[in-house]
Amino acid sequence: MIHLYQVDAFTDTVFGGNPAAVCPLPFWPEDALLQQIAMEMNLSETAFFVEKDGSFQLRWFTPLTEVRLCGHATLATAHVLFTRMGFDQPRLVFNTKSGKLFVWRNGEKYTLDFPADFPTPVEHIDISGAINILPVNILRSRDDLMLIYTSSKEIIDLKPDYHFIGTLPYRGVIATAPGENVDFVSRFFAPACGIDEDPVTGSAHTVMTPYWSKVLGKTFLTATQLSKRGGYLECRVDKDRVLISGKAVSVLEGQLNIRI
């Protein structure tokens, strides 16, 4: 049987933040099975990990595809290891397709240590069919398109065309603006991955944090993702890394009726 946990990440309340499924595995089965499990879970991400030589190999699948980097499911995996599986070391090391990722626990808060993704300008792109409010600037990261707006209200009022966004040559679209009670706010749309709107996207904050750090002239920033579920993050730039902190809560624990 495959053990299964479900965790709400970047929140301290059940039914907030971003839900992720977490599955510890004794070894890696066929990728097709991992994708089928992720489709069955039908969450933004399902995380799978295998312990090897004192560290953990970690992979993430949306309902449609495997992704290179995922923040909330990494946080959820750390929460499971620390609170449900007895991990008692001060730092977790995950080996992933994005290199080594690290997680520390400090009370109820977890800090993710991820590579920074510094966005660059985009020229000659027409997104008028993608969204109802045009941004003041457009940048791109390694995986995503990032739209810059001037206010939280604009972010709240966005009405994306998911079909159009799904045709763009990017994993997803980040929309972000300065915040009122936090340093910056955002929403994230990734229909090409089977996620029309992601509730809280840790990986997108590896892009937004360096951008807003430079614009606002500060290295420590607070952030809120303005999805229906909502999520709160604390972010810090450390040279070529971004440290993202948040909380997590366990929702359910069970077994998948699948043998590998």
Side-chain angles (χ1 to χ4, degrees), residues 7-12 16-20 44-45 47 58 60 62 67-79 94 96 98-99 101-104 109-120 135 137 139-149 152 155 158 170-190 193 195 197-227 229-248:
V7 175
D8 288 343
F10 294 118
T11 182
D12 57 3
N18 200 353
S44 296
E45 308 282 349
L58 177 63
W60 315 274
T62 77
V67 296
R68 184 184 64 84
L69 181 65
C70 178
H72 86 279
T74 302
L75 192 159
T77 302
H79 179 74
F94 292 115
T96 76
S98 290
L101 307 179
F102 308 96
V103 184
W104 291 268
K109 188 180 295 184
Y110 301 89
T111 297
L112 314 177
D113 181 342
F114 279 14
D117 192 345
F118 298 92
T120 57
N137 197 8
L139 300 98
R140 65 157 298 168
S141 68
R142 178 171 176 176
D143 296 321
D144 304 316
L145 200 65
M146 186 164 73
L147 313 182
I148 307 300
Y149 292 91
S152 298
I155 300 299
L158 291 177
Y170 300 95
R171 178 189 67 162
V173 171
I174 304 165
T176 183
E180 296 176 1
N181 300 314
V182 292
D183 290 304
F184 65 91
V185 298
S186 66
R187 291 171 68 188
F188 183 76
F189 314 110
C193 295
I195 310 159
E197 180 166 0
D198 195 35
V200 193
T201 315
S203 60
H205 287 75
T206 68
V207 184
M208 291 185 286
T209 301
Y211 173 83
W212 288 115
S213 175
K214 184 176 180 180
V215 169
L216 300 176
K218 54 197 302 188
T219 57
F220 176 80
L221 303 101
T222 56
T224 298
Q225 195 151 327
L226 298 176
S227 63
R229 293 175 66 105
Y232 175 75
L233 310 89
E234 295 176 348
C235 308
R236 183 162 63 90
V237 178
D238 185 9
K239 297 179 181 178
D240 62 347
R241 307 288 291 186
V242 172
L243 307 182
I244 304 170
S245 298
K247 296 181 179 181

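Side chain of Thr219 to backbone of Arg236: no donor-acceptor contact under 3.5 angstrom is found. Looking at His205, its side chain never comes within 3.5 Å of a backbone N or O of Leu233 through a donor-acceptor pair.
Between Asp113 and Arg241 a salt bridge is recorded (basic side-chain N to carboxylate O distance below 4.0 Å).
Trp212 and Phe184 have parallel rings, their planes meeting at less than 30° on a 0 to 90° scale where 60° marks the start of perpendicular.
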Exercise. How far apart are the C-alpha atoms of Ser186 and Met208, what are their side-chain angles, what is the distance that settles it, and do they pass the side-chain contact (heavy atoms from CB on, under 4.5 Å) test?
Worked result: CA-CA 9 Å; Ser186 66; Met208 291 185 286; 3.4 Å; yes
Problem set entry | Worked check of side-chain contact (heavy atoms from CB on, under 4.5 Å) between Phe188 and Asp144 | CA-CA 10 Å; Phe188 183 76; Asp144 304 316; 3.7 Å; yes
For this session: Would you check, one step at a time, whether the test side-chain contact (heavy atoms from CB on, under 4.5 Å) holds for Thr74 with Phe94?
Result: CA-CA 9 Å; Thr74 302; Phe94 292 115; 3.9 Å; yes
Exercise. Does the pair Ile244 and Thr206 meet the rule for a side-chain contact (heavy atoms from CB on, under 4.5 Å), with working shown?
Worked result: CA-CA 8 Å; Ile244 304 170; Thr206 68; 4.0 Å; yes
Exercise. Given the rule in the side chain to side chain donor-acceptor pair (under 3.5 Å) test, do Asp8 and Thr11 qualify, once you have shown the distances and angles that lead to the verdict?
Worked result: CA-CA 7 Å; Asp8 288 343; Thr11 182; over 6 Å; no
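Counting only heavy atoms from C-beta outward, the side chains of Cys193 and Arg171 approach each other to under 4.5 Å. Arg68 is listed as a side-chain neighbour of Arg142, based on a closest heavy-atom distance under 4.5 Å. Using a 4.5 Å cut-off on side-chain heavy atoms (C-beta onward), Thr120 and Leu139 make no contact. In this structure, the side chains of Leu101 and Pro115 come closer than 4.5 Å at one or more pairs of heavy atoms. Taking the side chain as every heavy atom from C-beta outward, Thr96 and Ser98 approach each other to under 4.5 Å. For the pair Val207 and Ile174, the minimum side-chain heavy-atom distance is below 4.5 Å. Using a 4.5 Å heavy-atom cutoff, the side chains of Tyr211 and Met146 are in contact. Between Leu216 and Leu221, the closest side-chain pair of non-hydrogen atoms falls below 4.5 Å.
Pairing each heavy atom of Pro199 with each of Pro19, the nearest pair is CG-CD, 4.4 Å. In terms of heavy atoms, Ala175 sits closest to Phe189 at CB-CE1, 4.4 Å. Taking all atoms of both residues into account, the shortest heavy-atom contact from Val7 to Ala76 is CB-CB, 3.7 Å. The two residues Ser44 and Ile195 come nearest to each other via the heavy atoms O-CD1, 3.4 Å. Nearest heavy atoms, Gln225 versus Asp198: NE2-O, 3.1 Å. Ser152 approaches Val185 most closely through the heavy-atom pair OG-CG2, 3.7 Å.
Residues that satisfy the side-chain contact (heavy atoms from CB on, under 4.5 Å) test with Ala73, not counting sequence neighbours, are Ala20, Glu45, Ala47, Trp60, Cys70.
To the nearest 0.5 angstrom, Ser213 atom OG is 12.0 Å from Phe220 atom CZ. To the nearest 0.5 angstrom, Thr111 atom OG1 is 8.0 Å from Glu234 atom CD. Interatomic distance, OH of Tyr232 versus OG of Ser245, reported as 9.5 Å (0.5 Å rounding). Here the CG atom belonging to Asp183 is positioned 4.0 Å from the OG1 atom belonging to Thr222, to the nearest 0.5 angstrom. With rounding to the nearest 0.5 Å, the separation of CG in Leu69 from OG in Ser203 is 5.0 Å. In this structure, OG1 in Thr224 is found 14.0 Å from CZ in Arg187, a value given to the nearest 0.5 Å.
The neighbour count for Asn181 CG, taken as heavy atoms of other residues, nucleotides or ligands under 6.0 Å away, does not exceed 12. The number of heavy-atom neighbours closer than 6.0 Å to CZ of Arg229, taken from other residues, nucleotides and ligands shown, is above 12.
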